[in-house]
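Working notes, beginning with the structure itself.
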Amino acid sequence: MLYIGSHVGFKKDTQLLGSLMEALSYKSNTFMFYTGAPQNTARYPISEELTLQAFELMKKAGMDASKVIVHAPYIINLANNKEPEKFQFSVRFLQEELKRCETLGIHYIVLHPGSHVGLGTDVAIDNIAKGLNQILGTCSVTILLETMAGKGTEIGSRLEEIQKIINLVEDKEHIGVCLDTCHLNDAGYDMKEFDQFLDIFDSMIGLEKIYCVHVNDSKNPMGSHKDRHENFGFGTIGFDALLSIVYNKRLEKVPKILETPYIDREYPPYRYEIEMIREKKFDPGMIQKIKQD
Ligand code: FE
Ligand code: FE
Ligand code: ZN
């Protein structure tokens, strides 16, 4: 079975129910959201009522709630301990995010490992593991380290770095990985040879650690370290390579999430991209069609 969805909004008044309704409007059977603004840590209380309603609707729609994903705000940086207060703030905030996930009945949260900001990779990896060890151990939520493009001083653009972090984490049951195809391409991994990539991943980390795949195309060539997402099939990875990732048998149970850009910053492309994916047919006129609809 194919689990396909997109990133969706999460609004104060509608919360999980609103996110779910947005996902259903794209004909998704899974989705991912931030529990507030991705770029800040302002958060409001979770409504039990709206959460219950969302779970009822998921049941009715035949959606597997265990596949739904939260993304942690990207300002959390567990790699940087230059200022201990800031590091502790990141730890505490992530702890609270995990609690929010539990309240929302969500099992997985995607986290950017962080940026070393001049501290160097080894120190950063140590900091990240220390932070994670403060957070994990008492919670039912699993943290998924996202593979990164290697922009600036980002950690996680090499599988070796992800592997080292996981090795240092004590609560192995609650640590996993989220692949991002745009990031992997920009980091220098060939997404057109995805089975070879999975072989390497399996020997280093283990395929069973993959709980989510962000299926984005890239605006830039392999190894560019840029991190600019492109619509599905319209970038340098291309439709055929992305489609074979989506349908790869080895990741069949893993939810695939689109984080592709809005058209003209206004129109979400997800309903159209999901249709192309389900029909396994590329529509070069998709962007024009979205503008007209
Ligand atoms: Fe991300
Ligand atoms: Fe991503
Ligand atoms: Zn990205």
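Model, not experiment: these values are computed from the prediction. One-based numbering, in listed order, for ligands and for the atoms of each.
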Spacing of NE2 belonging to His225 relative to CE belonging to Met222, to within rounding of 0.5 Å: 10.5 Å
Going by salt bridge (Lys or Arg N to Asp or Glu O under 4.0 Å), name the pairs with one or both residues in residues 58-72, residues two or more places apart or in two chains. none
Tell me every residue that passes ring pair (Phe, Tyr, Trp, His ring centres under 6.0 Å) with Tyr108, counting only those two or more places apart in sequence or in another chain.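 With neighbours one apart ignored, the set is Tyr211.
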Tell me whether the NZ or CZ atom of Lys280 lies within the 45° cone about the ring axis of Tyr247 and under 6.0 Å from its centre.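 Geometry flag: set, cation within 6.0 Å and 45°.
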Hey, would you say the Tyr189 and Phe197 ring centroids sit under 6.0 Å apart?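 When the ring centroids of Tyr189 and Phe197 are compared, they turn out to be within the sub-6.0 Å range.
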Sphere of radius 2.8 Å around the Zn ion (ligand 3) - protein N, O or S atoms inside: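 Short answer, with waters excluded from the count: His183 NE2, Asp227 OD1, His229 NE2.
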Below 2.8 Å, which protein N, O or S atoms neighbour the Fe ion (ligand 1), ignoring water?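 Near the Fe ion (ligand 1), below 2.8 Å, one finds His71 NE2, His112 NE2, Glu146 OE1.
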Tell me which one of Val68, Ile4, Leu24 satisfies side-chain contact (heavy atoms from CB on, under 4.5 Å) with Phe31. Val68
To check you understand the geometry: which heavy-atom pair defines the closest contact between Ile274 and Leu258, and what is its length?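 Heavy-atom minimum between the residues: CG1-CD1, 3.7 Å.
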Leu2 to Val246 - nearest heavy-atom pair and separation: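 Heavy atoms only, the tightest pair is CD1-CG1, 3.4 Å.
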Is any side-chain heavy atom of Thr30 closer than 4.5 Å to one of Lys256? no
